[in-house]
Amino acid sequence: MSLLLSPTEIAGLSLNNRVVLAPMCMFEVEKEDGVLTPFHFAHYGARAIAKAGLIIIEATGVEPDGRISNRDLGLWNDEQAVELKKLVDMLHALGSKVGIQLGHAGRKAENAEVLIASSAIPFSNEYGTPNAMTNEEIERVQASFVAAAERAAVAGVDMIELHGAHGYLINQFLSPLTNERTDAYGGSLENRYLFAKEIIEQIRGSFNGSLWIRLSLTAYADSEKQNSLDEWKTIGKWLEKDGIDCIDVSTGGLLDRKPNIPVRPGYQVPYTSAMKEAVSIPVTAVGLLDNPGLCEHILQTKQADLILQGRALIRNVNWLADAAEELRDTNFEVYNHSYQRGQRRR
Ligand SMILES: Cc1cc2nc3c(=O)[nH]c(=O)nc-3n(C[C@H](O)[C@H](O)[C@H](O)COP(=O)(O)O)c2cc1C
């Protein structure tokens with residue numbers, strides 16, 4: 001029996017195993033209305049049948065201009081919420097727990113009519129210069145997060161993940177590289193955290209499901225210019241105190257640059273284990289964790305509490321069954337008897 005594939009009670013969730021489908025934008029909303037399409041039902045449904053313990057639905061914009069691209073999902077209106085409920089019900093019926101990642105792309109919104117960010121600093125030459133958000137805009141975007149969370153809760157999700165990583169709006173507020181504000185939302189680490197804190201507190205007022213946040217623990221920048229690992233740990237402690245149930249640790253995306261560390265299997269795990277030193281809530285690992293033995297080792301050695309799988313589960317929907325075979329975990333059961341027959345190769 002492996003830790004990877006055995007059931008667990010974690011972050012307020014009862015999961016069939018510790019494999020989580022990482023949030024991954026599918027860019028499949030052809031009508032650009034933010035509404036789920038048949039593709040999404042088939043894509044997420046297949047991963048539920050494949051027994052992913054928790055499925056995190058891709059980055060979903062809380063406002064039209066908060067989408068990474070116009071082909072992203074949205075959750076700012078009731079039509080989007082109605083379809084979300086159908087997807088959540090379907091995934092529950094197939095046996096998975098369901099989460100959704102809510103985000104605002106800020107200065108990285110590719111098709112925004114009005115580009116906004118913590119400060120007026122463009123991401124790269126290919127992006128426009130965003131407007132530094134006014135207090136009214138801060139309040140409006142925070143309210144949009146809360147309204148989207150309420151819609152997600154009504155749709156029945158078990159978990160909401162705030163997208164605080166990869167250089168999107170929450171990340172833009174958190175980092176001194178992208179936040180040069182001189183008001184209550186800028187300056188000290190505590191001030192840069194305020195934007196996220198207020199969103200979390202407001203969501204916590206009405207949502208009692210599992211509330212996660214994804215963070216990028218390095219921007220691959222000079223250490224004296226970016227938040228240090230100790231500062232991220234301080235943020236982790238504040239997040240725990242403010243009601244976050246799990247921290248999903250990633251890296252990069254804030255600046256237009258490639259990783260300055262070797263990108264090899266498990267390359268982000270040291271950031272996960274560093275965060276685990278600071279908090280008592282669960283912390284997840286993601287990034288090139290295709291090898292089931294490596295995943296099991298990371299869990300056994302308590303470097304992470306859950307494993308997120310991204311590209312491996314796009315490439316191979318049968319990743320969990322293959323992992324069971326590799327780990328010789330005979331307790332893992334594929335979806336049904338017919339799928340069991342499918343596992344027999346002769
Ligand atoms: C097609 C694609 C879309 C992605 N979209 C998102 C997203 O919506 N939100 C997010 O936080 N990360 C996103 N990511 C990053 C993944 O969640 C994950 O962190 C990354 O792919 C590394 O994990 P992996 O090696 O298992 O793929 C995306 C990655 C891919 C490949």
Side-chain angles (χ1 to χ4, degrees), residues 1-23 41 44-58 60 84-102 149-162 200 203-204 206-214 239-240 243-249 272 275-276 279-286 289 292 295-296 298-300 302-310 313 317-321 323-324 327 329-336 339-340:
M1 189 160 167
S2 63
L3 271 183
L4 183 68
L5 298 173
S6 54
T8 181
E9 302 283 325
I10 191 164
L13 298 166
S14 284
L15 302 181
N16 288 333
N17 55 61
R18 292 179 175 80
V19 181
V20 178
L21 177 69
F41 285 80
Y44 291 115
R47 273 114 198 121
I49 291 173
K51 293 280 195 100
L54 171 67
I55 288 177
I56 309 181
I57 298 168
E58 65 202 75
T60 298
L84 178 64
K85 178 162 177 16
K86 290 183 197 162
L87 177 63
V88 173
D89 287 348
M90 184 186 89
L91 297 176
H92 280 159
L94 294 172
S96 286
K97 291 290 189 299
V98 189
I100 187 166
Q101 188 184 56
L102 298 179
E150 279 167 5
R151 288 194 176 93
V154 171
V157 299
D158 306 286
M159 171 277 221
I160 290 172
E161 176 171 272
L162 300 172
I200 293 162
I203 291 179
R204 261 296 166 233
S206 60
F207 178 69
N208 52 22
S210 192
L211 186 58
W212 296 26
I213 190 165
R214 182 171 258 208
L239 289 165
E240 178 169 6
I244 287 290
D245 294 301
C246 179
I247 301 178
D248 170 2
V249 168
T272 298
M275 182 56 86
K276 269 185 73 61
V279 298
S280 55
I281 49 175
V283 186
T284 69
V286 68
L289 296 171
C295 298
E296 184 65 14
I298 290 166
L299 293 170
Q300 296 268 5
K302 301 191 186 328
Q303 297 176 72
D305 299 295
L306 290 169
I307 301 289
L308 271 68
Q309 289 295 348
L313 263 173
V317 71
N318 213 36
W319 188 88
L320 281 96
L327 297 171
D329 187 333
T330 48
N331 286 313
F332 178 79
E333 288 177 0
V334 292
Y335 190 73
N336 64 16
Y339 274 58
Q340 188 65 46

Nearest heavy atoms of [X] and [Y], plus distance in Å:
{"X": "G53", "Y": "N17", "value": "N-OD1, 3.1 Å"}
{"X": "V157", "Y": "I160", "value": "CG2-CG1, 3.9 Å"}
{"X": "A153", "Y": "F207", "value": "CB-CD1, 3.7 Å"}
{"X": "I55", "Y": "A48", "value": "CD1-N, 3.6 Å"}
{"X": "A304", "Y": "L299", "value": "O-CD2, 3.4 Å"}
{"X": "A11", "Y": "C246", "value": "CB-CB, 4.0 Å"}

(request) Evaluate the side-chain proximity of F332 to M1: yes if any heavy-atom separation is below 4.5 Å, no if none is. (result)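 Of all side-chain heavy-atom pairs linking F332 with M1, none is under 4.5 Å.
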(request) Give me the one residue out of K86, K85, H92 that meets side-chain hydrogen bond (donor to acceptor under 3.5 Å, both in side chains) with D89. (result)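 When K86, K85, H92 are each tested with D89, the side-chain hydrogen bond (donor to acceptor under 3.5 Å, both in side chains) holds only for K85.
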(request) Just do the side chain to side chain contact (heavy atoms under 4.5 Å, CB included) check on T272 and T284 with the steps written out, would you? (result) CA-CA 6 Å; T272 298; T284 69; 5.9 Å; no
Decide if atom [atom1] of [X] counts as having more than 12 heavy atoms of other residues, nucleotides or ligands within a radius under 6.0 Å.
{"X": "Y339", "atom1": "OH", "value": "no"}
{"X": "E333", "atom1": "CD", "value": "no"}
{"X": "N336", "atom1": "CG", "value": "yes"}

[X] side chain to [Y] backbone, donor-acceptor under 3.5 Å:
{"X": "R47", "Y": "A50", "result": "no"}
{"X": "E240", "Y": "S280", "result": "yes"}
{"X": "Q309", "Y": "V20", "result": "no"}
{"X": "S14", "Y": "E9", "result": "no"}
{"X": "R18", "Y": "L5", "result": "no"}
{"X": "E161", "Y": "G99", "result": "no"}
{"X": "Q101", "Y": "P23", "result": "no"}
{"X": "N16", "Y": "G95", "result": "yes"}
{"X": "S96", "Y": "L94", "result": "no"}
{"X": "D329", "Y": "S2", "result": "yes"}

(request) Decide yes or no on side chain to side chain contact (heavy atoms under 4.5 Å, CB included) for I57 and L84, but give the supporting numbers first. (result) CA-CA 10 Å; I57 298 168; L84 178 64; 3.7 Å; yes
First locate atom [atom1] of [X], then atom [atom2] of [Y], and finally report the distance between them rounded to the nearest 0.5 Å.
{"X": "L21", "Y": "K97", "atom1": "CG", "atom2": "NZ", "answer": "16.0 Å"}
{"X": "I100", "Y": "D158", "atom1": "CD1", "atom2": "CG", "answer": "12.0 Å"}
{"X": "L87", "Y": "Y44", "atom1": "CG", "atom2": "OH", "answer": "8.0 Å"}
{"X": "T8", "Y": "L54", "atom1": "OG1", "atom2": "CG", "answer": "11.5 Å"}
{"X": "L289", "Y": "W319", "atom1": "CG", "atom2": "CH2", "answer": "8.0 Å"}
{"X": "I307", "Y": "L4", "atom1": "CD1", "atom2": "CG", "answer": "6.5 Å"}

(message) Between D248 and R214 (salt bridge meaning N to carboxylate O under 4.0 Å), is one present in this structure?
(response)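 R214 and D248: salt-bridged.
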(request) Please determine if K276 and D305 form a salt bridge, counting it only when a charged side-chain N lies under 4.0 Å from a carboxylate O. (result) yes
(request) Begin with the C-alpha distance, continue with both residues' side-chain angles, and end with the deciding distance and a verdict on side chain to side chain contact (heavy atoms under 4.5 Å, CB included) for M90 and F41. (result) CA-CA 8 Å; M90 184 186 89; F41 285 80; 4.0 Å; yes
(message) L239 and side-chain contact (heavy atoms from CB on, under 4.5 Å): which single residue from I247, L211, D245 fits?
(response) I247
